[in-house]
Amino acid sequence: GLALARAGDSRAAETLDLFLHHFPRHPRQSEARLALAELAFAAQDRTGAAHYLRVANESAPSRDTAEHAAYLGIFVADGAAESADEAVIRRAAAFLRDYPRSPLLAEVRMKLGQLYVRAGDHAGAETQFTLLAQEQPAGPYAEAALFLAGQSAVRSINVGAVDRAL
């Protein structure tokens with residue numbers, strides 16, 4: 001089932017469901033539930049994705065599975081109909097705190113910067129974009145992060161304070 005999910009095979013969800021039905025106590029059942037959450041998310045089924053994530057997290061996942069579930073949870077929460085930026089920001093910040101060596105760190109930091117922009121916290125956005133560019137200067141997000149850090153810095157300038165300073 002997991003191999004089918006990785007390959008994008010349409011039979012993956014059915015195979016994973018069968019696996020979970022026949023082996024409910026299998027040590028890799030949380031991975032199967034996470035794969036089902038990813039499949040639901042890819043199919044724009046946010047409710048299904050949130051359900052499978054919740055169940056996967058309740059089933060004592062391995063550290064890698066928990067990390068990936070936390071990552072996916074950020075995007076599922078952000079895509080929810082009643083998404084609250086502050087709640088998604090807390091999730092992303094918790095991911096950065098809990099998984100500081102994650103290979104997914106750059107994507108989460110970029111998302112966190114975007115969330116801060118959307119929430120109007122341009123100083124917070126600038127911080128995240130700058131950190132991303134500093135942490136991974138040769139990474140795929142470095143150039144965009146520097147550009148967005150600059151934009152955030154400009155947006156956080158208080159014109160009245162600049163006038164007073166001059």
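Just so you know, these numbers come straight off a predicted model, no measurement behind them.
- Under the 4.5 Å side-chain heavy-atom criterion for Ile, Leu, Val, Met, Phe, Trp and Tyr, V108 and V88 are members of the same hydrophobic cluster.
- To the nearest 0.5 Å, atoms CZ (F147) and CZ (F129) are separated by 10.5 Å.
- The shortest distance between side-chain heavy atoms of L148 and V117 does not fall below 4.5 Å.
- Take Y52 and apply the ring-ring contact (aromatic ring centres under 6.0 Å, His included) test, not counting sequence neighbours, and it matches no residue.
- For the atom pair CG of L39 and CG of L16, the computed distance is 6.5 Å after rounding to the nearest 0.5 Å.
- The minimum heavy-atom distance linking M110 with A144 is given by the pair CE-CB, 4.1 Å.
- Applying the side chain to side chain donor-acceptor pair (under 3.5 Å) criterion to H26, with sequence neighbours excluded, gives no partner residue.
- Residues in residues 41-56 take part in no salt bridge (charged side-chain N to carboxylate O under 4.0 Å, His left out) pair, two or more places apart or across chains.
- Taking OG of S59 as the reference point, atom CD of E31 lies at 10.0 Å (rounded to 0.5 Å).
- Residues satisfying the side-chain contact (heavy atoms from CB on, under 4.5 Å) criterion with A66, sequence neighbours excluded, are P61, Y99.
- When side chains are defined from C-beta on, K111 counts as touching F75, because their heavy atoms get closer than 4.5 Å.
- Residues L132 and I89 are members of separate hydrophobic clusters, defined by side-chain heavy-atom contacts under 4.5 angstrom among Ile, Leu, Val, Met, Phe, Trp and Tyr.
- Shown here for A133 and A142, the closest heavy-atom pair between the two residues is CB-O, 4.1 Å.
- For the pair F95/R91, no side-chain contact is recorded, criterion being any heavy-atom separation below 4.5 Å from C-beta on.
- Taking CD of Q114 as the reference point, atom OG of S152 lies at 10.0 Å (rounded to 0.5 Å).
- Q134 pairs by the side-chain contact (heavy atoms from CB on, under 4.5 Å) definition with T130, L131, not counting sequence neighbours.
- For the pair S156 and A153, the tightest heavy-atom approach, listed with the atom from each and the gap, is OG-O, 2.9 Å.
- Both I74 and L72 belong to a single network of hydrophobic side chains, linked directly or stepwise wherever heavy atoms of I, L, V, M, F, W or Y lie under 4.5 Å apart.
- Contact between Y141 and A106 at its shortest, heavy atoms only, is CD1-CB, 3.9 Å.
- Clustering of Ile, Leu, Val, Met, Phe, Trp and Tyr side chains at separations under 4.5 Å leaves V55 isolated, with no partner residue.
- Remark: R109 pairs with Q128, E135 by the side chain to side chain donor-acceptor pair (under 3.5 Å) rule, at least two apart or across chains.
- Contact annotation: the side chain of R118 approaches that of D78 to within less than 4.5 Å [non-hydrogen atoms, C-beta and beyond].
- Distance alone, capped at 3.5 Å, is enough to place a donor-acceptor pair between the N57 side chain and the L53 backbone.
- Residue L105 comes nearest to P100 through the heavy atom pair CD2-O, 3.4 Å, listed as atom of the first residue, atom of the second, then distance.
- Taking the ring-ring contact (aromatic ring centres under 6.0 Å, His included) definition, one finds that F23 meets it with F19, sequence neighbours left out.
- Pairs passing the side chain to side chain donor-acceptor pair (under 3.5 Å) check and including a residue from residues 64-76, sequence neighbours excluded, read E38-H68, S62-T65, E67-S102, Y71-E107.
- If you take CD on Q29 and NE2 on H21, they are separated by 14.5 Å, rounding to the nearest 0.5 Å.
- Qualifying side chain to side chain donor-acceptor pair (under 3.5 Å) partners for R90, counting only residues two or more places apart in sequence or in other chains: none.
- A94 is linked by a side-chain contact (heavy atoms from CB on, under 4.5 Å) to R97, D98, counting only residues two or more places apart in sequence or in another chain.
- Rounding to the nearest 0.5 Å places CG of D121 at 10.5 Å from CD of E126.
- Contacts of A49 classified as side-chain contact (heavy atoms from CB on, under 4.5 Å), with partners at least two apart in sequence or in another chain: A40, F41, V76.
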